[in-house]
Amino acid sequence: MDEKLTRKYIPVMIEKKWRRIWEEKKVNYTDINTKNKKYYCLDMFPYPSGSGLHVGHWRGYVLSDVWARYKRLHGYHVLHPMGWDSFGLPAENDAIKKGIHPKISTRNNIENIRRQLKEIGAMYDWSKEINTSDPEYYRWTQWIFLQMYHKNLAYRAEMPINWCPACKTGLANEEVINGTCERCGSPVEKKKLMQWMLKITSYAERLLADIEKLDWPEKVKTMQKNWIGKSEGASILFTLDNNPDIKLEVFTTRPDTLFGATYVVLAPEHPRALEITLPEQIPDVKRYIEEATNKSDIERTNLLREKTGVFTGAFAINPVNNKKVPVWIADYVLAHYGSGAIMSVPAHDQRDFEFAKKFGLPIIEVIYSENASRNPDGSLASAYEGAGILINSQQFNGIDSEQAKISITQWLKNMNKGDFKTTYKLRDWVFSRQRYWGEPIPIIYCKKCGTVPVNEKDLPVILPDVESYKPTGTGKSPLAAIKEFVNTSCPICGGPAERETDTMPQWAGSSWYFLRYPNSNLETAPFDKKIVDKWLPVDCYVGGVEHAILHLLYARFFTKFLYDIGAIGFDEPFLRLFNQGMVTKFSEKTGKIEKMSKSKGNVVNPDPLVEKYGTDTVRLYELFIGPPEVDSEWNDSGIEGCYRFLRKAWDFIIEQVEKNYNETDKQSKIKLHQLIKKVTERIEGFKLNTAISAFMEFIKDIPDDACFSRQDIEKFIVLLSPFAPHFAEELWCEVLNHAETVFNDRWPEFENKFIFEETITIPVQVNGKLRGTLIVGKDEDSESILKSALELESVSRFVSGRHIVKQIYVPGKIVNIVTKQ
RNA sequence: GCGAGGAUGGCGGAAUGGCAGACGCGCUGGACUUAGGAUCCAGUGGGUAACCCCCGUGAGAGUUCAAAUCUCUCUCCUCGCACCA
């Protein structure tokens, strides 16, 4: 007897060994030039934080690894890479806190997290590792920026942007959460700065329409749709009464209510606000505008706040009936949406209704409906915002409001007083950051030639090493203080010139990293079109829902742009998206069950668990904890069950191999094939928690005298290998003496002839209540089943003396006998 | 306010019209043992002396032979959006 066969499952003895061998033998190396069918399984790459990985991070990585290995066992060449999103605020803020240069701390953090990631035992192909702060990587991020610049999609504009006073930088619209900074939670202020912007709005319609093509969670698709925020309506021109040269453009989705427009409102930031104001009103208006612009977003968007506004003294002409209506300024109108001006219809818009009530402006009802809520005197108690029939609207009276939207807009269009118009909530992407740790924007300013892009051959524009990398708060990045960086020569005239000193946002590098992995070492281009067209789009993308808008929208935008310039042959980056649920735990700090995070003090470090139970047990438990897409609470003690299971499964396999049966007994064959079916279906459905419970049931139900052939034991090992790769590899190679890795084998298939058992247990109900069970042959006919059901003592007891109304037998499922007194 | 998702034992969860609580944790009892925080066996929703029986999937109604599952009303929780005209 081989002494190997008598040993126990001791994970520490096998796991490190196999990780070493896999690395040495390049088992996880993906040959990009394979002729085989490909599969691209991608994890959202982490930013290398100083605190390392906790068990919450593991969850998504284990999930995607099981899926990647499962695909590999189906014969796919699987690309499953990993890298570092290492530029940007998180890395930089961490570095500032610890007083370590971000370049150093990023390198250290990467070392640590790479070690932790390797402990997961995932089949990452580390030869393709990428790092967004590596000059060889970010030269291509800069290259993409230049391509956008050449297509007029990158432009410079001075505008009030969101400014985080703590991070001392401008932020994109997407980075502001409820008026606070996405990174640090500080209230965001407005600051007028010269900014580089990306014209993502040019892609609004396509970004919206193509959502339909994606196999993504509905929730994420809805969030993106709402963010893009398409709305269709009309733009209408109101001419100023005392100056017909000035036309105020308003946007409305309710042109059908135009006859009910009783005043016009401009946003305080509207460019013509002061121009149209009558001289005697100027002091009041000025004061109001100042107050409004100084308010933070949080104050401005507080719904409970009472409406404020100021009259300009000016009047405009309603184009449909030539009525004079007053022009007001109020901060409930947003400057950046539509045209920054509205027509106010208090009868049919609650906000206008409140404003009109407060300032005594007229309310004219133009859409009639019985559903409107009214005061006893018949006047409106609140605005009626639904559909109805037009009244008080001259030639349009009696028309249905939906129809009137079209008719009235068409009438305006014919008169050159308006047109159909679609607007989006999506705004252009503020792309400048006044921070050190990011990709320098590759632009040079020359007194003579103006704004000049850096020549592509001069990329990358290297981020200089500096002593002082702290944000300045002056509206300029720390790079502005470095003469050697700033002073350069103009690429066109060769004269003295200055470099742009702002850097790109954190999201720049991650907007295209998925294109770099298959050709991560390519030196002449960001990617090879032939290679990316073969390997992309990503077949399955796994990551947290927190990136639903920011990263996923930006990546879709970059992909569509690269498609448009012919660099790639596809226009969506991620076909399928899977959002794993968060791992939560009770936090002593907040007294609540919360997402695991260092700041909440509720993180669980996987390292000691790996040491005690081994990686494979931790992997199993990460999956077993709950359905992958749902948040789950971590509980350390639950892990024991997974450890016990692996030990039992190990002993079972060793015992069967020792016994060396030639054939599997009939019952065991059935159980095995049922297991193959269950596990296969559950992996396909991403129900990995129940896939594991299927294994547990299998091991629990095996009788002592069960016999499995070597071939069937091998099937069992393959089945378990995606979940517990070290465990499976040890048994496969050391116990069953295979020369090649188990992951070069094939996923077993179940055979229907083994799925069905000879006899089945049928529950028998009387009036819907369970009264007994019946063991029947699988082909027994319903008549004899119903007959023997009635013969059951436990059944006849409830039937005797009563009249049988109905007998139901659902084949293979249930018997129900319905009786009446 | 609008939109989406959810509520099942002491706990994580299973079951998508057909035996509610699979599987795991925890707990109880037993075996083995010098010992047990190891291992194995049995039990474990509530009521009940009971393995008879009754009740039970947030609350209430309905459809059905049969409802955790479908329909309606309500409550609570989580997430997203929120003066977007």
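A quick note: this is a predicted structure, and the numbers were derived from the prediction, not measured. The chains referred to below are lettered A, B, ... by the order of the sequence lines, with proteins before strands, and numbering in each begins at 1.
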**Asked** Where does RNA chain B pair, written as one dot-bracket string 5' to 3', with Watson-Crick or G-U pairs under 3.5 Å, ( ) inside the strand, [ ] for crossing pairs and | for another strand?
**Response** (((((((..(((.....[....)))((((((.......))))))(((.....)))..(((((..]....))))))))))))....
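Here the separation of B:A14 from B:G18, taken at their P atoms, is 16 Å to the nearest Å. For the C1' atoms, the distance linking B:C70 with B:A31 amounts to 50 Å, nearest Å. Annotation: B:G10 and B:U64 have their P atoms spaced 34 Å apart (nearest Å). Using C1' as the reference atom, B:A38 and B:U33 are 11 Å apart when rounded to the nearest Å. Atom name C1', nucleotides B:U16 and B:C32: the rounded distance is 46 Å, in whole Å.
Phosphate proximity of B:C55 to A:Lys769: present, with a side-chain N or O under 4.0 Å from OP1 or OP2. For the pair A:Ser231 and B:A85, the criterion of a side-chain N or O lying under 4.0 Å from OP1 or OP2 is met. When the side-chain nitrogen and oxygen atoms of A:Arg771 are compared with OP1 and OP2 of B:C19, none of them lie within a distance under 4.0 Å.
Put simply, the side chain of A:Lys307 and the base of B:C83 share a donor and an acceptor less than 3.5 Å apart.
Considering only the side chain of A:Asn635, B:C25 comes nearest among B:G12, B:C25, B:C23.
Atom CD1 of A:Ile814 and atom P of B:C65 are 14 Å apart (whole Å). Spacing between atom CZ of A:Arg644 and atom P of B:G37 amounts to 13 Å, rounded to whole angstrom units.
Classification of the A:Phe652-A:Phe698 ring pair by plane angle, with boundaries at 30° and 60°, yields perpendicular.
Atoms CD1 and CG, on A:Ile670 and A:Leu675 in that order, are 13.5 Å from each other to the nearest 0.5 Å.
Salt-bridge annotation for A:Lys358 and A:Glu306: present, with a side-chain N of the basic residue lying under 4.0 Å from a carboxylate O of the acidic one. Of the charged side-chain nitrogens involved, none lies within less than 4.0 Å of a carboxylate oxygen, so that A:Glu212 and A:Lys221 do not count as a salt-bridged pair. Using a cutoff of 4.0 Å between basic side-chain nitrogens and carboxylate oxygens, A:Arg254 and A:Asp256 are scored as salt-bridged.
A:Phe624 and A:Phe645 have their aromatic ring centers separated by at least 6.0 angstrom.
Toward the 5' end of RNA chain B, the nearer of the two residues A:Asn689 and A:Thr253, judged by each one's closest nucleotide, is A:Asn689. A residue-by-residue look at A:Asp352 and A:Ala694 shows that A:Ala694 has its nearest nucleotide of RNA chain B further toward the 5' end.
Within a 6.0 Å sphere centred on CD of A:Glu611, other residues, nucleotides and ligands contribute 12 heavy atoms or fewer.
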